[in-house]
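As the structure lists them, so they are numbered: ligands from 1, and atoms in each ligand from 1. Heavy-atom basis, side chains included; hydrogens, waters and symmetry copies ignored.
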Amino acid sequence: MASLLWGGDAGAAESERLNSHFSNLNHPRKNLLGIRSTTVRNIDDSIDNIEEDDEDDVVDLAANSLLNKLIRQSLVESSHHVEVLQKDPSSPLYSVKTFEELRLKEDLLKGIYAMGFNRPSKIQEMALPMMLAHPPQNLIAQSQSGTGKTAAFVLAMLSRVNALELFPQCLCLAPTYELALQTGRVVEQMGKFCVDVQVMYAIRGNRILRGTDITKQIVIGTPGTVLDWCFKRKLIDLTKIRVFVLDEADVMIDTQGFSDHSIRIQRALPPECQMLLFSATFEDSVWRFAERIIPDPNVIKLRKEELTLNNIWQYYMLCEHRKDKYQALCNIYGSITIGQAIIFCQTRRNAKWLTVEMIQDGHQVSLLSGELTVEQRASIIQRFRDGKEKVLITTNVCARGIDVKQVTIVVNFDLPVKQGEEPDYETYLHRIGRTGRFGKKGLAFNMIEVDKLPLLMKIQDHFNSSIKQLNAEDMDEIEKIDY
Ligand SMILES: Nc1ncnc2c1ncn2[C@@H]1O[C@H](COP(=O)(O)OP(=O)(O)OP(=O)(O)O)[C@@H](O)[C@H]1O
C-alpha cells in the first residue's frame with residue numbers, strides 16, 4: 001500500500017495531535033514521567049501547589065481506549081462462545097477457521113499473514129463471513145477491547161474497496177483524532193501489499209483546499225470533521241460510500257454531539273451501503289444508539305471474561321492516618337517477598353505523597369496518574385511490565401485495562417469510594433481482580449482508617465468473600481502469609 005497520505009499539512013496535523021483531545025491531561029509542569037530523574041523536591045512542590053490534586057482522577061473512556069491499544073501486546077483470548085443473532089435466522093450461519101476460506105484478494109491475504117495473524121480470532125470467525133457476504137450485511141458487534149474487532153472491519157474495508165476508483169468508498173468514524181490514527185495504522189499494515197489503496201484522515205488540522213478532489217478510497221475521521229467535509233465543504237460524496245464503520249460506539253455516545261453527527265452522516269448514505277458498528281461494551285444506551293444507526297443488523301456478542309476474587313487472599317490493616325498506612329506498607333515489604341505490586345490511591349495528591357516517601361526510602365517506584373498524556377502512561381506501564389520498576393503507584397485512572405501478569409500484590413492505600421462515601425464495588429473488583437489471574441494466587445492488602453471499616457465490611461458482604469484483619473505492627477503475623 002502506498003504510504004498514508006495526508007490530504008493537507010501533515011506537520012500541522014501532527015502538532016495538533018499533541019494538543020488535541022488529551023491536552024487536558026498534558027501539563028508539562030506537572031509531568032512526572034521522568035520520576036526517577038525528577039528530584040523529590042520537585043514532586044514535593046507539585047504536591048504543595050496543585051489544589052486539584054485532591055480531586056479523584058477522572059476516567060476518560062477515549063483515553064483509556066487509546067491506552068489499551070498502545071500497551072496491548074497480543075490478541076485478548078476469551079473462553080466464552082460468540083453469541084449470534086441473525087437478521088434472517090433462516091439463512092445458514094457461516095464461521096471460518098482459516099483466512100483462506102474467505103477467498104480474499106491475494107495481496108490482502110499476504111498483508112494479514114505479514115501481520116502475524118495465523119487464524120481468525122473468535123469474533124472474526126463469525127463476523128468475517130457476515131461482513132464479506134454478498135449481498136453485504138449490516139452488523140453490530142460487541143466484544144472486549146483487544147479481541148480483533150478493528151482488524152476485522154479493516155479487512156472488510158480493504159476487501160470491498162475498488163483500487164481503480166479514485167474516490168472515497170469506505171468511511172470509518174472514530175471518537176478521537178488519536179483513535180482514528182490508530183485505525184489508519186492497521187489499514188496501512190494490513191493493506192501493505194494493496195499498493196493502489198490509500199487512506200485519508202478527516203481530522204482536525206488536516207486542511208484541504210475547497211474544490212480538491214479526494215482520490216483516496218478509505219477515509220477515517222472524527223464525526224465533526226467528517227460532517228464538515230461531507231455537508232459544508234462537499235469534499236466527500238456520501239452517496240458513493242459502500243462501507244460505513246462506526247468504531248468505539250460506547251466512547252462515541254459518551255462524547256457530546258457525536259451521536260447526532262454520526263446519525264446525520266448515516267442518513268445520507270445510500271441504502272445499499274454496508275453499515276457496521278463496533279463497541280467494547282453494550283449498555284442499554286449503546287444498544288439504543290446502535291439500533292438507531294444500523295438498519296436490519298446481524299448482532300454478534302462475545303461476553304467479557306469475568307473477574308473474580310476466588311484466587312485472591314484479601315487482608316486489611318487498621319491504621320490511624322496516612323503515615324501509619326505507610327508504616328504498614330513498609331512492614332509488608334519487610335516481611336514478605338514481593339515481586340511486583342500496584343498500589344492504588346484515591347487522589348493524585350496521596351499518590352504523589354506516597355511516591356515521594358517510597359523513593360526516599362530507596363524503592364524503585366513509578367507514578368501513573370491522570371495528568372500524564374496517554375503516551376506517557378503507556379511508556380510507564382511498559383517499563384513496569386519490563387520489570388524496570390517494582391512498584392506502580394496509581395489512582396483510578398489505571399484501575400482498569402492494565403494487564404500486568406506478574407503483579408502478585410495489590411495494595412489499596414485508599415479504599416475506592418463513590419461520592420456519598422459508598423464503596424465503589426466495581427472499582428474494588430477491577431483493582432484486586434488484576435492479581436490472581438490465569439489460575440495464579442494473588443494477595444490484596446487494604447489500609448483502612450478506623451472510620452472506613454464499615455465500608456470495607458460492606459465490600460466483604462457484597463462479594464461474599466472474607467477479608468482478614470492483620471496487625472500492621474506484627475511482622476511475624478505478616479510473615480506467616482504463605483502464598
Ligand atoms: N486473527 C488474529 N490473529 C492474531 N492477532 C490478531 C488477530 N486479529 C487481531 N490481532 C491482534 O490482536 C490485537 C487486538 O486486535 P484489535 O485491535 O483488532 O482488537 P479490538 O477488538 O479492535 O480492540 P479495541 O476495541 O481496543 O480496538 C492487535 O494487536 C491485533 O494486531
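With a 4.5 Å cut-off on side-chain heavy atoms, V407 and L392 do not count as touching. Here the side chains of Y428 and N446 are in contact, with some heavy-atom distance below 4.5 Å.
For G116, no nitrogen or oxygen atom sits less than 3.5 Å from a nitrogen or oxygen atom of ligand 1, counting backbone and side chain alike. Residue contacts with ligand 1: T150 is placed with a nitrogen or oxygen under 3.5 Å of a nitrogen or oxygen of the ligand (distance criterion only). Between F117 and ligand 1, no pair of N/O atoms sits closer than 3.5 Å. Residue-to-ligand polar distances place Q124 within reach of ligand 1: an N/O pair is separated by less than 3.5 Å.
Looking only at heavy atoms of the protein, atom 27 (O) of ligand 1 is closest to K69 NZ, 2.5 Å. For atom 28 (C) of ligand 1, the nearest non-hydrogen atom of the protein is R72 CD, 4.4 Å. Given atom 23 (O) of ligand 1, the protein heavy atom at minimum distance is G146 N, 2.7 Å. At the top of the distance list for atom 19 (O) of ligand 1, counting protein heavy atoms only, stands G148 N, 3.0 Å.
Proximity of N68 to ligand 1 is not established, as no heavy-atom distance is less than 4.0 Å. Heavy-atom separations between F99 and ligand 1 include at least one value shorter than 4.0 Å. Proximity of S65 to ligand 1 is not established, as no heavy-atom distance is less than 4.0 Å.
Which parts of ligand 1 touch A151 is read off a 4.0 Å heavy-atom cut-off, strictly below it: atoms 8 (N), 9 (C), 18 (O). Those atoms of ligand 1 that come under 4.0 Å of a heavy atom in S121, given as number and element, are 1 (N).
The 12-atom threshold is not exceeded at CD of Q256, counting heavy atoms of other residues, nucleotides or ligands nearer than 6.0 Å. Heavy-atom contacts from other residues, nucleotides or ligands closer than 6.0 Å to NE2 of H81 number 12 or fewer. Atom CD of E106 sits in a sparse spot, with 12 or fewer heavy atoms from other residues, nucleotides or ligands closer than 6.0 Å. No more than 12 heavy atoms of other residues, nucleotides or ligands sit less than 6.0 Å from atom CZ of R292. By the 6.0 Å contact criterion, OH on Y94 is open, its count of non-hydrogen atoms from other residues, nucleotides or ligands being 12 or less.
The aromatic rings of F278 and F153 sit tilted relative to each other, their planes meeting at an angle between 30° and 60°.
For atom 20 (P) of ligand 1, the nearest non-hydrogen atom from the set Q144, Q189, K149, E125 comes from K149.
Across all their heavy atoms, Q182 and L66 have their closest contact at CG-CD1, 3.5 Å. Between I265 and L238 the shortest heavy-atom distance is O-CD1, 3.8 Å. Across all their heavy atoms, V243 and M157 have their closest contact at CG1-CG, 4.2 Å.
At a heavy-atom distance under 4.0 Å, no atom of F153 approaches ligand 1. In A280, neither the side chain nor the backbone holds a heavy atom less than 4.0 Å from any atom of ligand 1. At a heavy-atom cutoff of 4.0 Å, ligand 1 is contacted by the backbone of R119 but not by its side chain.
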